[in-house]
Amino acid sequence: GAVVSQHPSWVICKSGTSVKIECRSLDFQATTMFWYRQFPKQSLMLMATSNEGSKATYEQGVEKDKFLINHASLTLSTLTVTSAHPEDSSFYICSARLGRADTGELFFGEGSRLTVL
Amino acid sequence: KQEVTQIPAALSVPEGENLVLNCSFTDSAIYNLQWFRQDPGKGLTSLLLIQSSQREQTSGRLNASLDKSSGRSTLYIAASQPGDSATYLCAVPRNFNKFYFGSGTKLNVKP
């Protein structure tokens, strides 16, 4: 299957700092990538849809100024958690779609665990 | 609104057993259905993708079926192994850019 790489896999930062997480599709181009947040023992919560060359589409309740998403190329999307606070600590996962919008297959990164002290 | 349900929530079986995981969805107008596994602290690994026009897909010891009319999909795992222990999730697209995930079935295969 296709490979999506996410980096870093874990990060610890101080409250008030910003953290950037990268999501790369290694062997395919993805016009659309997705960012999820997962709380312990829960399923995935979609945060936003990242569109190459345009603004991201955020889900209701997700602060766009807090979670900055940039999709500057067909293989890279970044999520920046700005002015991080302990409540932002979570497991963040990205995914990219290979193929058409209606029949394409989702591939996920390995996830990034953020801990804000 | 699409609702995706997975039963059972947890399953523990001895090694070697054949087992079936269930996924049901309320809106049958789906493009496809995808099965994933998630290991603790990891991302999701795609297992099988079934298009709406297909009835089943197979990969190794895994076989997934899709019955759109009844809103059901099953994931069959043959000759289970301890390495199969993980949480299994199914997902259906809501529209082109949103997906509904089930809450998962946590599988434990005992040696």
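Each chain gets a letter, A, B and so on, in the order its sequence line appears, and its residues count up from 1.
The side-chain heavy atoms of A/Ile93 and B/Gln38, taken from C-beta on, include a pair separated by under 4.5 Å. When side chains are defined from C-beta on, A/Leu46 does not count as touching B/Phe99, because their heavy atoms never get closer than 4.5 Å.
The part of A/Glu59 that comes within reach of chain B is its side chain, from C-beta onward, which places non-hydrogen atoms under 4.5 angstrom from that chain. Only the side chain of A/Gln38 comes within less than 4.5 Å of a heavy atom of chain B; its backbone N, CA, C and O stay farther away. Contacts between A/Arg100 and chain B at a heavy-atom distance below 4.5 Å are absent for every atom of the residue. For chain A, the nearby parts of B/Leu44 are the backbone and the side chain; heavy atoms of each come within less than 4.5 Å.
Following chains of ILVMFWY side-chain contacts shorter than 4.5 Å, one cannot reach A/Leu98 starting from A/Met33, and the two form parts of different hydrophobic clusters. There is a path of hydrophobic side-chain contacts, each under 4.5 Å, that joins B/Tyr100 to B/Leu47. Criterion: ILVMFWY side-chain heavy atoms under 4.5 Å apart, direct or through other members. Under it, B/Tyr88 and B/Val4 are part of a common hydrophobic cluster. Both A/Phe34 and A/Phe108 are assigned to one and the same hydrophobic cluster, defined by single-linkage of ILVMFWY side chains at heavy-atom distances under 4.5 Å.
The environment of NZ in A/Lys64 is sparse: at most 12 heavy-atom neighbours from other residues, nucleotides or ligands sit within 6.0 Å. Counted within 6.0 Å of NZ on B/Lys68, heavy atoms from surrounding residues, nucleotides or ligands total more than 12; the atom is thus considered enclosed. Atom NE2 of A/His85 sits in a crowded spot, with more than 12 heavy atoms from other residues, nucleotides or ligands closer than 6.0 Å.
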Chi angles and distances behind the side chain to side chain contact (heavy atoms under 4.5 Å, CB included) call for B/Ser46, A/Leu106: CA-CA 7 Å; B/Ser46 178; A/Leu106 281 183; over 6 Å; no

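Residues B/Gly102 and A/Ser43 share a closest heavy-atom pair of O-OG, 3.1 Å.
Using a distance-only test at 3.5 Å, with no hydrogens or angles considered, a donor-acceptor pair links the side chain of B/Gln51 to the main chain of A/Thr103.
With chain A as the partner, the residue from B/Pro40, B/Gly41, B/Ala91 showing the most heavy-atom pairs under 4.5 Å is B/Gly41.
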